[in-house]
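Here the structure comes first, spelled out in structure tokens, and everything after it is commentary.
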Amino acid sequence: MSPAHFDWLQTADRHTELVDPVISVRQLSRWDLRRKHHTRFDHCLVYATHQGEYVEFHPPLRPRATARYSAVYEVDLGVHLVRRELTLPSSNDALEFRAEAEFRWRVEDPVGFVRSGRRDVPRLLRNELEERARGLVRLHPVTDSAAAEAELLAAAVGWPRLGAEAGLDTAWTLRLRRNQQAVDHQVRLQGIKQDAEAKILDAVLGRDVDAAAEQREAALLRLQAEKVGLYEDYLEQGGTRASAWYLSRHPGAGQEVMANLREDQRQLVEKQLELVTKLFDSAEAETHELAEPRRHAVRALTEVLTQRFPGTSAGTGHAAAEGPPSKDLPPGYGRTPVDPAKG
């Protein structure tokens, strides 16, 4: 049938977003011989009588005669999905919520929809939702979109179905957000907060690093001072006491300490022998003048030689090595000294 015979005809298909479910409208005359009108299986024909009544025919049913009808409406009965954006007020009139609603709708009552005269179903549903939601969400600040959305969805459970008066079966869902101005403002605030937190964190970490460095430096200084004090004590002890102190702190260095100790004692004996030799060999003093110094020298030499040095035998006053007296000893060493006072 030519489009010229229709008062209204859409070229919509299943992939087209349908706004008006009335696909076509055609006037009928009393002597209209075109009684057969083929339609899709999910479309319904609504015939209007001359008295203003409507009668619907679902496929494959069709009226036997059209003389009593003045027009015929072809109505789509399929299910359709559509998304729409709307704005809702907040507690601050200068700021608004931005909502994204998704509607699912279909014509449940074809006669009711034709009688309603509606032509834009998505706009009808959006307007009804916006009208019902405005009073609820405007009680919330724009920064509290989550609470406003939750309250709106909870209240919608008791609402009449959207588009019910137009013969529609509908379902919907909604996501409430701040408007772009509020979002941009929140992004700026978040950036400022993050910068401040980063600076604070840098300051805290820097202070901790400085404190740790100061503690480490203080520990090194304290350790250095302890080492200085230990070296001072070591130097003040001298000789055998110093070696014993070192050995108490380094048990594994026994051989090294004993070797140093023997070397120290040997040097001491050599110095004493050198002193006594010089004293006995001196010809500048008289015999009675040398008696007392010799006695003291012999006593000192005896005390040195009777010490228990490493390498000497216990219970003896002499070195473990035996043999003739050293040529470095003075003549008469080993005999009982003669007291010059007794002649």
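Note that the numbering runs from 1 along the sequence shown for the chain. In what follows, every heavy atom counts, from backbone to side chain, and hydrogens, waters and symmetry copies are set aside.
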Check your understanding: Quick check: does any side chain N or O of Thr170 sit under 3.5 Å from a backbone N or O of Leu162, one acting as donor and the other as acceptor?
Key -> yes

Review point. Taking Ser70 for the side chain and Ala48 for the main chain, is one N or O donor matched with an acceptor at less than 3.5 Å?
Key: yes

So does [X] have more than 12 non-hydrogen atoms from other groups sitting under 6.0 Å from [atom1]?
{"X": "Glu131", "atom1": "CD", "answer": "no"}
{"X": "Arg126", "atom1": "CZ", "answer": "yes"}
{"X": "Glu165", "atom1": "CD", "answer": "no"}
{"X": "Arg104", "atom1": "CZ", "answer": "yes"}

Is the shortest heavy-atom distance from the side chain of [X] to the side chain of [Y] under 4.5 Å?
{"X": "Glu197", "Y": "Leu201", "value": "no"}
{"X": "Ser24", "Y": "His43", "value": "no"}
{"X": "Trp105", "Y": "Leu125", "value": "yes"}
{"X": "Glu74", "Y": "Val22", "value": "no"}
{"X": "Tyr73", "Y": "Leu45", "value": "no"}
{"X": "Leu28", "Y": "Arg26", "value": "yes"}
{"X": "Cys44", "Y": "Pro110", "value": "yes"}

Closest heavy-atom pair and its distance - [X], [Y]:
{"X": "Ala133", "Y": "Leu152", "answer": "CB-CD1, 3.5 Å"}
{"X": "Pro141", "Y": "Ser90", "answer": "C-CB, 4.3 Å"}
{"X": "Tyr54", "Y": "Val114", "answer": "CE2-CG1, 3.6 Å"}
{"X": "Phe97", "Y": "Pro89", "answer": "CD1-O, 3.5 Å"}

Point to revise | Trace of the side chain to side chain donor-acceptor pair (under 3.5 Å) decision for Glu151 with His140 | key: CA-CA 10 Å; Glu151 183 176 354; His140 297 270; 2.5 Å; yes

Atom [atom1] of [X] and atom [atom2] of [Y]: how far apart are they, to the nearest 0.5 Å?
{"X": "Leu129", "Y": "Phe103", "atom1": "CG", "atom2": "CZ", "result": "5.0 Å"}
{"X": "Thr173", "Y": "Glu102", "atom1": "OG1", "atom2": "CD", "result": "7.5 Å"}
{"X": "Leu205", "Y": "Asp210", "atom1": "CG", "atom2": "CG", "result": "11.0 Å"}
{"X": "Glu96", "Y": "Leu86", "atom1": "CD", "atom2": "CG", "result": "10.5 Å"}
{"X": "Gln215", "Y": "Arg222", "atom1": "CD", "atom2": "CZ", "result": "9.5 Å"}

Salt bridge or not for [X] and [Y], using N-O below 4.0 Å?
{"X": "Arg175", "Y": "Glu100", "result": "no"}
{"X": "Arg134", "Y": "Glu130", "result": "yes"}
{"X": "Arg84", "Y": "Glu128", "result": "no"}
{"X": "Glu108", "Y": "Arg161", "result": "yes"}

Are [Y] and [X] linked, directly or through intermediate hydrophobic residues, by side-chain heavy-atom contacts shorter than 4.5 Å (ILVMFWY only)?
{"X": "Ile200", "Y": "Val209", "value": "no"}
{"X": "Val72", "Y": "Val55", "value": "yes"}
{"X": "Trp159", "Y": "Leu153", "value": "yes"}
{"X": "Val19", "Y": "Phe113", "value": "no"}
{"X": "Leu81", "Y": "Trp172", "value": "no"}

Review point. Passes side chain to side chain contact (heavy atoms under 4.5 Å, CB included), Leu136 versus Arg138? Steps please.
Key: CA-CA 6 Å; Leu136 288 174; Arg138 75 174 309 133; over 6 Å; no

**Study point:** Within the 6.0 Å centroid threshold, strictly below: Tyr47 and Phe57
**Key:** yes

Exercise for review: Evaluate side chain to side chain contact (heavy atoms under 4.5 Å, CB included) for Leu176 paired with Val137, printing each intermediate quantity in order.
Suggested key: CA-CA 9 Å; Leu176 200 63; Val137 298; 4.0 Å; yes

Check your understanding: Yes or no on side chain to side chain contact (heavy atoms under 4.5 Å, CB included) for Leu124 and Leu168, after CA distance, side-chain angles and deciding distance?
Key -> CA-CA 11 Å; Leu124 169 66; Leu168 298 175; 4.0 Å; yes

Check your understanding: Taking it one step at a time, do Ile23 and Leu18 satisfy side chain to side chain contact (heavy atoms under 4.5 Å, CB included)?
Key -> CA-CA 9 Å; Ile23 303 301; Leu18 193 64; 4.2 Å; yes

